[in-house]
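Input: a single structure, listed below in structure tokens.
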Amino acid sequence: MQTSAVNQTSIRKRYSLSHIIDKYFLVFVSWPSMLIMLAVTAIPFIITIILSFTNYDLILEDWKFIGFNNFRELVKDPQLPKILSNTAYLVIGSTVLTTVFGLGLAVLMNSTVRGTRTIRSMYMLPIMTAPIVVAFTWRAMFNNDAGWINWILGLLHLPKPLWLGDPHLAMPAILISDMWTGVAFQAILLLAGLMSVPIELKQAATTDGATSWQVFWHVTLPHIRPVLFVAILLRLIEAFRKFEGIQILTTGGPGIASTPLNLAIYDTGLYYDRVGYAASMGVLLIVIIAISVGLLFRFSPRQELGK
Amino acid sequence: MKNRRRLTEIFKSTLLIIGLIFVAIPFAWILLTAFKRPVDAASVPPVIFSPFTLDNFRSLKSDEYIGSLINSVIITVLATTTTLFFGVPAGYAFARGKFKGRKFFGAFLLFSRMVPPVIYIIPLFLFFHKLNLIGTFSGLTLAYLTGLLPFTVWMSASYFQDIPTELEEAGRIDGCNRIQAFVLIALPLAMPGIISVGLLICIAAWSEYFIPMLLGGPTTSPATVGIVNFIGVDSINWGAMCAGALTLVIPVFILTLLAQRGLLSGLTAGAIKG
């Protein structure tokens, strides 16, 4: 009698609601998020791949599978080389410039004792400014006649270029506006890394006779390598998706002089309604991003791969 | 020796000040233009100081801009609360380990942060069109989750990882079930981190342009989209645009100055911990 009563309570316990909740708690709390992400990212991603094999058009809405035709057309597209070189220019330019200047700025902020916190909070403001505001502010800065940049160049008796209307200067102008937020972002991240370097380590190196340059190169830099890696990765991803800073500044022009792949996909799919062809460009973009990130991981120290 | 150190100190300060000027100039332009007479906003050569006026803010009031500003508040609140509601518990599960699909979930989180939104937006546009979700707040909230949710799960997981599991185990021995252990023990301990994640996604939602530009409608477009209406066919109303920019930027700046520490930890935690 007694044993069966015990059994019954343990059975009841095993199948009681609270026990089930306990057992599957982590599943309950994680799967809703997972399902949402499947719905809004994974499924659209797969649909994009499928669309790349169709001639889907927003206006006609009549479509069929056309095999690799989009990709064949893409390879022969006379605009593709320019779009790809713009993408490379933007991504490499933005990542390298913001990281180099950001690291310099972070070192400066780390080495001055006074006012670091105030200065740092001022450098946070560009990061917190809405990209759309940044974009049209720089459009105004680069304005031919009324813009402050040409106004200052004029005061210095220097030539006043067209900036956004000049095919050779449109991309550099985009990079300059990109650096305004990008350098601040990298500096804030890298400063956090620099502040985590133990001061004893640097002092020990200095006592051993290392110059401040040697200390930076052999002690500080190896120590912040993981942070540097993440900062570069984040900037790379950011550059591939840059939108407002190009659309508002130059609308990709003049012509396609400042159109990277990201903007070309948007234009082709939602402006010229050629969704299928845009999707094939999207697949190309994913491949390029995957290769770039893969390369970055390859040249990074092993320990960062863990997580 | 002492002189030289003094010199480098001056050199460093000069560089920092040059950097700050570079940061400040665009803000100065926004501030000055917002209070300029509309005639002076685009004059050649630029008029730096013009008689102080609130005309530009008045034109915001007469325009639809105020409505779009209200939409911004609605979308930001909806997107932030929804993201936190789903993302924080998932971050907890992710930090605490074993459940079905964890590996896939982790790889997927990383992956979804790398793919540009333009890849998702075209299929979402087609879906939303079929489901009549274009121009609705629920559709926008769902679309905002594409970027905000992975970030929130990732970041809150890193904050939960810092909390020793022993505390929850002790609570469990004292009779808590898992829900109680999460809500009463882990959540309060991770609260500072969750607040900084919340602030960051709040600012991100407030600043979002690409998604509402495509999926928003006339009654739901936020201020980031509304502000672009000041770009006309042949001229730009710079004055009104800058007044609008101030309404977008000032709330965020106040938040930044008030919660600097939290925001900083949110921005850097992901990088420092990898």
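To find a chain, count down the sequence lines: A is the first, B the second, and so on, and within it residues start at 1.
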### Message
Let's test your reading of the structure: which of B:Pro117, B:Gly87, B:Gly106 forms the most heavy-atom pairs below 4.5 Å with chain A?
### Response
B:Pro117

### Task
Check each atom of B:Leu142 against the heavy atoms of chain A and say whether the ones under 4.5 Å are side chain, backbone, both or neither.
both

### Task
Report the option among A:Met179, A:Met124, A:Met281 that has the most heavy-atom pairs separated by less than 4.5 Å from atoms of chain B.
A:Met124

### Task
May I ask you to name which of A:Asn262, A:Val283, A:Leu233, A:Leu51 has the most heavy-atom pairs under 4.5 Å with chain B?
A:Asn262

## Note on the structure
One should read off an interatomic distance between B:Thr256 OG1 and A:Leu125 CG, to the nearest 0.5 angstrom, of 6.0 Å

### Query
Which bit of A:Ile248 comes within less than 4.5 Å of chain B, counting heavy atoms only: side chain, backbone, both or neither?
side chain

### Query
Among B:Phe108, B:Phe127, B:Phe104, B:Phe182, which residue forms the greatest number of heavy-atom pairs with chain A at distances under 4.5 Å?
B:Phe108

#### Entry: Part of B:Leu255 within contact of chain A (heavy atom distance under 4.5 Å)
neither

### Query
So what's closer than 4.5 Å to chain B heavy atoms on A:Ile188: side chain, backbone, both or neither?
both

### Task
Kindly say whether B:Leu20 contributes a backbone atom to a donor-acceptor pair with the side chain of A:Tyr123 at under 3.5 angstrom?
yes

### Task
Check A:Pro44 against B:Pro123 and note the closest heavy-atom contact, atom names and distance.
O-CG, 3.2 Å

### Message
I want to check something: taking the side chain as every heavy atom from C-beta on, are B:Arg178 and A:Phe28 in contact at a cut-off of under 4.5 Å?
### Response
no

### Message
When you compare the side chain of A:Val293 with that of B:Met114, does any pair of heavy atoms fall below 4.5 Å?
### Response
yes

### Query
Is B:Leu16 close to A:Met109 at the side-chain level, that is, under 4.5 Å between some pair of heavy atoms?
yes

### Query
Out of B:Ala245, B:Ser112, B:Gly19, which one racks up the most heavy-atom pairs below 4.5 Å with chain A?
B:Gly19

#### Entry: Spatial distance of atom CD1 (A:Ile43) from atom OH (B:Tyr120) [nearest 0.5 Å]
12.5 Å

### Message
For chain A, which candidate among B:Val118, B:Ile203, B:Ile30 shows the most heavy-atom pairs at distances under 4.5 Å?
### Response
B:Val118

### Query
Where on B:Val252 is there a heavy atom nearer than 4.5 Å to chain A: the side chain, the backbone, both, or neither?
side chain

### Query
Considering only heavy atoms, which portion of A:Ile237 lies under 4.5 Å from any heavy atom of chain B: side chain, backbone, both, or neither?
side chain

### Query
Taking the side chain as C-beta and beyond, is there a heavy-atom pair between A:Phe25 and B:Arg96 under 4.5 Å?
no

### Close side-chain approach of B:Pro26 to A:Trp138, heavy-atom, < 4.5 Å
yes

### Task
Determine the option with the most heavy-atom pairs under 4.5 angstrom with chain B, choosing from A:Asn143, A:Thr129, A:Ile47, A:Thr137.
A:Thr137

### Task
Please look at B:Val249 and chain A and tell me whether the side chain, the backbone, both or neither of the residue comes under 4.5 angstrom of a heavy atom of that chain.
side chain

### Query
Do A:Phe45 and B:Phe111 have ring centres separated by under 6.0 Å?
yes

### Query
Can you tell me how far CD1 of B:Ile122 sits from CD1 of A:Ile265, rounded to the nearest 0.5 angstrom?
7.0 Å

### Message
Nearest 0.5 angstrom please: A:Thr41 OG1 to B:Leu124 CG, how far?
### Response
9.0 Å

### Query
Closest heavy-atom contact between B:Pro116 and A:Leu285?
CG-CD2, 3.7 Å

#### Entry: Heavy-atom pair count under 4.5 Å with chain B, highest-scoring of A:Phe101, A:Phe136, A:Phe243, A:Phe240
A:Phe136

### Any donor-acceptor N/O pair, A:Ser33 side chain to B:Phe86 backbone, under 3.5 Å
yes

#### Entry: chain A contact via B:Val228 - which portion, at a heavy-atom distance below 4.5 Å
side chain

### Message
Working to the nearest 0.5 angstrom, can you tell me the gap between B:Met213 CE and A:Ile132 CD1?
### Response
8.5 Å

### Query
Checking side-chain contact (heavy atoms from CB on, under 4.5 Å) for the pair A:Met37/B:Phe105: CA distance, chi angles, key distance, verdict?
CA-CA 10 Å; A:Met37 278 173 49; B:Phe105 200 14; 4.2 Å; yes

### Task
Let me know if A:Glu238 has heavy atoms under 4.5 Å from chain B in its side chain, its backbone, both or neither.
neither

### Query
So how far is it from B:Phe22 CZ to A:Leu105 CG, rounded to the nearest 0.5 Å?
11.0 Å

### Task
For the residue pair B:Ile236 and A:Arg139, establish whether any side-chain heavy-atom pair is separated by less than 4.5 Å.
yes

### Query
Which answer fits A:Met128, side chain, backbone, both or neither, if we ask what part of it has an atom under 4.5 Å from a heavy atom of chain B?
both

### Side chain / backbone / both / neither for B:Trp29 at chain A, heavy atoms under 4.5 Å
both

### Query
For the candidates A:Leu190, A:Ile289, A:Ile127, A:Thr48, which exhibits the highest count of non-hydrogen atom pairs separated by less than 4.5 Å from chain B?
A:Thr48

### Query
By a 4.5 Å heavy-atom criterion (distance strictly below it), what part of A:Ala278 contacts chain B: side chain, backbone, both, or neither?
side chain

### Query
Heavy-atom distance under 4.5 Å to chain A: side chain of B:Ile179, backbone, both or neither?
both

### Portion of A:Phe185 that has a non-hydrogen atom of chain B nearer than 4.5 angstrom
side chain

### Query
Who among B:Phe94, B:Phe125, B:Trp206 has the most heavy-atom pairs with chain A under 4.5 Å?
B:Phe125

### Query
Picking from B:Thr83, B:Leu257, B:Val115, B:Leu248, which has the most non-hydrogen pairs under 4.5 angstrom with chain A?
B:Val115

### Query
Got A:Ile286 and B:Ile119 here, is their nearest side-chain heavy-atom distance under 4.5 Å?
yes

### Query
Between B:Ile121 and A:Tyr266, is any pair of side-chain heavy atoms under 4.5 Å apart?
no

### Summary
Applying a strict 4.5 Å limit to non-hydrogen atoms, the region of B:Arg102 in contact with chain A is neither

